[in-house]
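To start, the structure itself, in structure tokens.
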Amino acid sequence: MSFSSKLIQWYAQNARELPWRQTSDPYIIWLSEIILQQTRVEQGLPYFQTFVTQLPTVSDFADAPEDFILRLWQGLGYYSRARNMHKAAKAVMHDYSGRFPTSYHELIQLPGIGSYTASAIASFSSNEVRAVVDGNVYRVLSRVFGIDTDINSGAGKKQFQELADSLISEKEPGLYNQAIMDFGATVCKPKQPLCANCIFVHECDAFATGRIALLPKKIKKTKIRKRYFHYFIIRRSAEVMIAKRPDGDIWANLHEFPMIETAAPISVTELQENAAFKTHFAQNIPIPLGDSIKQILSHQHIYAQFYLLPEDIDIKNKKTDWQYILLEKLDTLAKHKLIFSFLRTDNFPQ
DNA sequence: TTCCGGTCGA
DNA sequence: TCGACCGGAA
């Protein structure tokens, strides 16, 4: 039996009963699809009921004030969805005299409707043969067919769309689309998939090769970490105190000045209250030297503020790598860019 | 704390 | 091509 036949047969036994599945009205399907973008069914369900009751037609939607729409949307998140729906409803009134479109090419032009949603509405409302590719589809196809192309890459999107297009049932495209997404949502789940009950367990490449947890492959977007470094210039006649970066962090073993790091930007007053500051510098008052310096790395943004502390202060709990060195030796030490960026400014006290 | 997820616009 | 947009679940 074909891939699509197996799924449709599975769906006949296991479909979730959801209110928007009782209709082919593209307006109602549109409401449900936009609400379900980025949103779990359980969370979206009560919102769907509210929208259907409060705004039963696209004309009602277009005529409602935006404030009213947003109030109904409250708590659902991604509020641009609601604003785009309002624009789309007005466009449907204006461009289609209130007849909600059912073809992919018309739907994709409306605000808030991308390729997934256009395929979903077109296949559900008019059985247009358009394969949906959403998070569920990426998961099911990558596992069953053992495809480890990054789904966030252009090549991956193309490859999965082509595979989905080749698998869709030409006879029952809407049913097939519902089936593969329900299957992904309830059996081929992201975590703890129900492989024991899976209709594809004997042909699933990921199951056979132990790669369930590795697929679909998504190259992690290295999210930018923001860090706030506070450096202290401590002089003792012709000497200055330096420090060495620890292992296991950026710039390991390079030289810099004694510093403390905070998770957020802080004022001088807050710095004086900081536990690490008090540990080393007690009640001494740091004087900011110029503006903060921003250093951008691929994976972190570092905001560095330099401060002057009184000359020859008594440092408590001095770290072993904090050492006074002669100023003329400073040049010879290996330092990271942030440090010589600062030294290039005129803020270093001579 | 990390993961998950469609569309838009820069 | 990639970050912003949001809230909930694991």
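Residue numbering restarts at 1 for every chain, and letters A, B, ... go by the order of the sequence lines.
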Nearest-Å distance for atom pair CG/P, residues A:Leu76 and C:dA9
13 Å
Measure CD/A:Gln192 against P/C:dA9 and give the value in whole Å, please.
16 Å
For residues 190-202 of chain A, which side-chain N or O atoms pair as donor and acceptor with protein atoms under 3.5 Å away, sequence neighbours left out?
none

Want to settle it: does A:Ile151 or A:Ile113 sit nearer the 5' end of DNA chain B, counting the closest nucleotide to each?
A:Ile151
For the pair made of CG in A:Leu107 and C1' in B:dG6, what is the distance, rounded to whole Å?
15 Å
Give a yes/no on whether any side-chain N or O of A:Arg139 is located under 4.0 angstrom from OP1 or OP2 of B:dG5.
yes
At under 4.0 Å between heavy atoms, what does A:Thr117 touch on the DNA or RNA strands: base, sugar-phosphate, or nothing?
sugar-phosphate
A:Trp30 ring center within less than 6.0 Å of A:Phe61 ring center:
yes
Is the shortest side-chain N/O distance from A:Lys191 to OP1 or OP2 of B:dT2 below 4.0 Å?
no
Using atom CD of A:Gln74 as one end and atom C1' of C:dC5 as the other, report the distance to the nearest whole Å.
18 Å
If each of A:Ser153 and A:Ser80 is mapped to the nucleotide of DNA chain C with the nearest heavy atom, which maps nearer the 5' terminus, i.e. the 5' end?
A:Ser153
Residue set satisfying side-chain hydrogen bond (donor to acceptor under 3.5 Å, both in side chains) with A:Thr39, at least two apart, ordered chain then number -> A:Arg81
Ignoring hydrogens and angles, answer whether the base of B:dG6 and the side-chain atoms of A:Tyr78 contain a donor-acceptor pair closer than 3.5 Å.
no
A:Lys218 side-chain N/O to B:dC4 phosphate OP1/OP2 under 4.0 Å
yes
Tell me, please, which residues at least two apart from A:Arg71 pass salt bridge (charged side-chain N to carboxylate O under 4.0 Å, His left out).
none
Taking CG from A:Asn136 and C1' from B:dC3, how many angstroms apart are they, rounded to a whole number?
15 Å
For A:Tyr138 and B:dC3, what is the distance between atoms OH and C1' respectively, to the nearest whole Å?
18 Å
Any residue of residues 28-48 of chain A with a heavy atom less than 4.0 Å from an atom of DNA chain C:
A:Arg40, A:Gln43
With sequence neighbours excluded, residues passing side-chain hydrogen bond (donor to acceptor under 3.5 Å, both in side chains) with A:Thr23
none
Residues that A:Tyr11 engages under side-chain hydrogen bond (donor to acceptor under 3.5 Å, both in side chains), provided they are two or more places apart
A:Arg21
note: A:Asn152, atom CG; C:dT1, atom C1'; distance rounded to Å ~ 11 Å
Tell me whether A:Glu106 is salt-bridged to A:Arg99, with the criterion being a basic N under 4.0 Å from an acidic carboxylate O.
yes
When rounded to whole Å, the NZ to P distance for the pair A:Lys189 and B:dC4 reads 14 Å
Along DNA chain C (nearest heavy atom to each residue), the more 5'-positioned of A:Gly75 and A:Gly154:
A:Gly154
